[in-house]
Structures are given as structure tokens and as C-alpha cells.
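Reviewing the structure listed below.
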Amino acid sequence: MSQEQLKPITLMGANASGKTEIALALAHRLSGEIISADSKQIYKFLAAGTAKPAGAWAEPPAGRAYLVEGIPYNLVDTLDPRATYDAGSFVKEAKAVLVKIQAGGKTPVMAGGTGMYIQAFWNGIDELPPADAALREKLAAVARSSGKEALHAELAAIDPQAALRIPPGNIQRVIRAIEITRLAGRPVSQIWSGRFFNALPVHDGKFIFLKWQRDLLAQRIKRRTAARFDEWADETRALIAKGYPADCPGLKTLGYPQVLDYLAGRLSKPEAIRLITASSLAYAKRQNTWFGRYKNAMLIELTKFEDYDPAAIADRIIAS
RNA sequence: GCCGCGGUAGCUCAGUGGUAGAGCACUGGUCUGAAAAACCAGGUGUCGUUGGUUCGAUCCCAACCCGCGGCA
């Protein structure tokens, strides 16, 4: 196996675009292992709701692995839904996995739809203070009592540059900017190096963006949501029965709030499916906007259903 | 058949005698440890149809069409 063949393949695309099947086809052909770049499939017990690839945990002598079609699928099904996860953790873990895969003489295939994680992985992220839940809650309380504008003004007072870049309505980012500035002791705008944004990802290997024509993707999402809804409802009911709070990080995932509303009788099944489909589509739009920036990615456009042939697409990627 | 209510954006609806607006949807975009998150921008229209009154009607009047409810 040459060094060239051990270079990673990064496969990006919106939800329901069929990345998993293509990644598996690639792994079969290249003797590869998959690294999932997905902020929600990382959680245990969220399967139907996150379209987690169906697999099983194996405990071979070589080590514990989640296997899908016999292929190790890394960074899925490992985290408790009560735990938080973030881009920094992903970068650290994914880098370790990448090294491990290559050391084993296999080809890493990174597949996922979480653009921020993929970008953080390739561009790196600046050394920033980690999240401080207590501080965040304090700042959120300020926004609740005095308003978002007041919190934004607080940011403007300590870092006018950052305040210009972040709209007052985006309270999450306002809080994060204040958090960094306070914890680091200097303005966040001076800490941002610009390496994360303002640059195309400096990737190694192949860099692929799988893009469906919108109306076709809408049909795929609609079909998939309806098909797995009952299983999704069972899964969610079981989580609540196990004592997981409805607002824990794992359940703060697209669609679960609607499923919870359905379980509570606040939404009918067709209505829940309609709402979930709509927000999945909105999410797909954001994903495509994100990946669309990557002019250095190989674009695979799917404009009819027949275009989706995982084996053929895998061959095309390998030949590129 | 009669009575009542309604017909305005893709949907649910607000509104005015000077050609119209909200929420959601939709379109484009932003993004540094919550990212399946959190945001920013954009109104896309035969105001059911046809007449009448008026300088001017989406609004007032009449007839008609359609929907819902009630009475027959």
C-alpha cells in the first residue's frame, strides 16, 4: 500500500444525501476505515433520529470497534446523551483516529455533514478557553432580564471589533465572545487568528462535496422521515423512560422536540413529520451553503435519482 | 332554497376609500469548543368574479361563484 493510498478521503454533504453508503463503498474498495464527522451520531441511543448507520459493537482482540458491514466506523455511538460535545473535542479525537488508521495501513474515509467539525479538523481552531457553563448561564440571565441589546453592548464595551462582527440577536455567539474575552483576559478579536475562516480548508487527500438537487433531496428527506418515524418515537420514548431530560444535549437535536411533542399529544403524526421534514430541509440548505464555499472540493452533483449509485460514485472518487 | 360567517402571499391570518402587512414556508447569506446550534437579509400578491358608487375601490353597494355552519 503506497503512501498515496493512505491519504484520507473527506466526503461532505447534507443530511440524507447518502454519504454513508458511499463511504462504505470506498472503505470496501480501499481497505479503509470510516471517521464520522457528525455532531449527533456521536451519541449513544440516538439511532433512528440521527440516521446512524446500523452496526454493532465488536470486541476483537485488536480493540473495541463499532462495525458497519464489517468496516470500523469511528466516532459514532460513544457519548452519553447528557454529555456535551464540541468542535475542539472532535478535532482531537479525529486526529488520533486518523493516525491510528494510517498506522494500521488503512485508508481513512471521513464522512459527515457537520461542516464546522470538518473545517476545524482541516484548518485547526485557535487555542481558546473552553466553555464555562456557569458563566454562560450568568450572561444568558443578563440577556433575559436586560435584553439582547444590553448584552451586546457589554461585548462592545470590552471588544468593539468582535461586537461589529456579531449581530445582537445572535446571543449564543455574543455570549461566547464575552466568555473568551473574560477568561483569556484580552479581546477575543485579538485572539482570532483567522485561520479557521478566511481560508479554504487545507486538506490532505481527496476532498469531496456531494450535492443533491434541492427538490430531489426534499423528496429523500420526506420519505426517510416518514419511514423511520415510528421507530424514532419508540427510541425517544425509551430515552425519556430511562430518565434523560428532554433538553439534554443529545435530545437538543433536529426533530426530537417534534417527536416529544407527538408523544405528549401536542402534535399529530403527520404534523410532526411535516415539521421535521421542513427543519431537515432548512438544515440541508445551511449545510449546502457551508460546503458550497469550498471551491477546492470536488463537486459531485446529483440532478436525478439515477445519478445516485454509491458503487459508481466510489469508483469515480477513487479514479479522480 | 333561506339565514349567518368567510374568500387578501405557498399556508394560517391581520388591515385600510389613496393598489397591502405579520408569522411560518421559501430564496440568498453568516459562522472559531452548543454547529442537527444560534443568527442576518429579501415580500414572492388579478386582495374570489363581474358590475355599480367615487377623482380614486382590496375596502362601500349589488349580483354571481366557492367554502364552512345553522334552518329547511
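Proteins get letters first, then strands, A, B, ... in listed order; numbering begins at 1 in each.
The side chain of A:R165 approaches B:U32 more closely than any other nucleotide in the set B:C39, B:U32, B:A36. When distances are taken from the side chain of A:I180 to each of B:G33, B:A36, B:A37, the shortest belongs to B:G33. Among the nucleotides B:A34, B:C39, B:G28, the one closest to any side-chain atom of A:K285 is B:G28. Which of B:G33, B:U32, B:U30 sits closest to the side chain of A:R293 comes down to B:U30. Distance from the side chain of A:T114 is smallest to B:A35 among B:A38, B:A35, B:G33. Side-chain proximity of A:A131 to B:C31, B:A34, B:A37: nearest is B:A34. For A:N170, the listed nucleotide lying nearest its side chain is B:A38; candidates were B:A38, B:C31, B:A34. Considering only side-chain atoms of A:Q172, the nucleotide from B:A34, B:C39, B:A36 that sits closest is B:A34. Closest to the side chain of A:S39, from the set B:G29, B:A36, B:U32, is B:A36.
Glycosidic conformation at B:G33 (O4'-C1'-N9-C4 for purines, O4'-C1'-N1-C2 for pyrimidines): syn, within 90° of 0.
A:G113 comes within 4.0 angstrom of the backbone, heavy atoms only, and of no base. At a threshold of 4.0 angstrom between heavy atoms, the contacts of A:Y256 with the nucleic acid are absent. The residue A:Q41 sits close to a base: some heavy atom pair falls under 4.0 Å. Contacts of A:G124 with the nucleic acid, taken as non-hydrogen atoms under 4.0 Å apart, are absent. Using a 4.0 Å heavy-atom cutoff across all strands shown, A:F90 reaches no nucleic acid atom at all. Using a 4.0 Å heavy-atom criterion, one finds that A:S193 contacts the bases of the nucleic acid, with or without backbone contacts as well. Residue-level contact check: A:K148 touches the backbone only, with heavy atoms under 4.0 Å from sugar-phosphate atoms and none from bases. A:T50 comes within 4.0 angstrom of a nucleotide base, judged by non-hydrogen atoms across all strands.
Between the base of B:A36 and the side chain of A:R286 there is no donor-acceptor pair shorter than 3.5 Å.
Checked against a 6.0 Å centroid threshold, the rings of A:F229 and A:Y262 count as neighbours. Aromatic ring centres of A:F207 and A:Y294 lie closer together than 6.0 Å.
Summarising the geometry of A:F291 relative to A:G113, their closest heavy-atom pair is CZ-O, 3.7 Å, with the distance given to 0.1 Å.
Nearest-nucleotide positions on RNA chain B for A:E127 and A:Y283 put A:E127 closer to the 5' end. Each of A:W192 and A:L281 was matched to the nucleotide of RNA chain B holding its nearest heavy atom; the match closer to the 5' end belongs to A:L281.
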| field | Watson-Crick or G-U pairs under 3.5 Å in RNA chain B, rendered as dot-bracket with [ ] for crossing pairs and | for another strand | value | (((((((..((((....[..))))((((((.......))))).)...(((((..]....)))))))))))).

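Look at A:R82 and A:D80 and you find a salt bridge, because one of the NZ, NE, NH1 or NH2 atoms lies within 4.0 Å of a carboxylate O, short of that distance. Checked for salt-bridge contact, A:E235 and A:K52 miss the test: no charged N lies under 4.0 Å from a carboxylate O. A salt bridge between A:D126 and A:R195 is present, with a side-chain N of the basic residue lying under 4.0 Å from a carboxylate O of the acidic one. A salt bridge is absent between A:K211 and A:E301: the closest approach of a Lys/Arg side-chain nitrogen to an acidic carboxylate oxygen does not fall below 4.0 angstrom.
Taking only side-chain nitrogens and oxygens, A:K252 never comes nearer than 4.0 Å to OP1 or OP2 of B:A35. For A:Y117 and B:A35, the shortest distance from a side-chain N or O to OP1 or OP2 is below 4.0 Å. At the phosphate of B:C26, OP1 or OP2 sits under 4.0 Å from a side-chain N or O atom of A:R214.
For the pair A:R165 and A:W192, the cation-pi criterion (under 6.0 Å, within 45° of the ring axis) is fulfilled.
A:N123 has its CG atom 13 Å from the P atom of B:U32, to the nearest Å.
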Could you go through residues 309-317 of chain A and list every donor-acceptor pair under 3.5 Å that involves a side-chain atom there, pairing it with any protein atom two or more places apart or in another chain?
from, atom 1, to, atom 2, distance (Å)
A:D309, OD1, A:A311, N, 3.3
A:D309, OD1, A:A312, N, 3.3
A:D315, OD1, A:R29, NE, 2.6

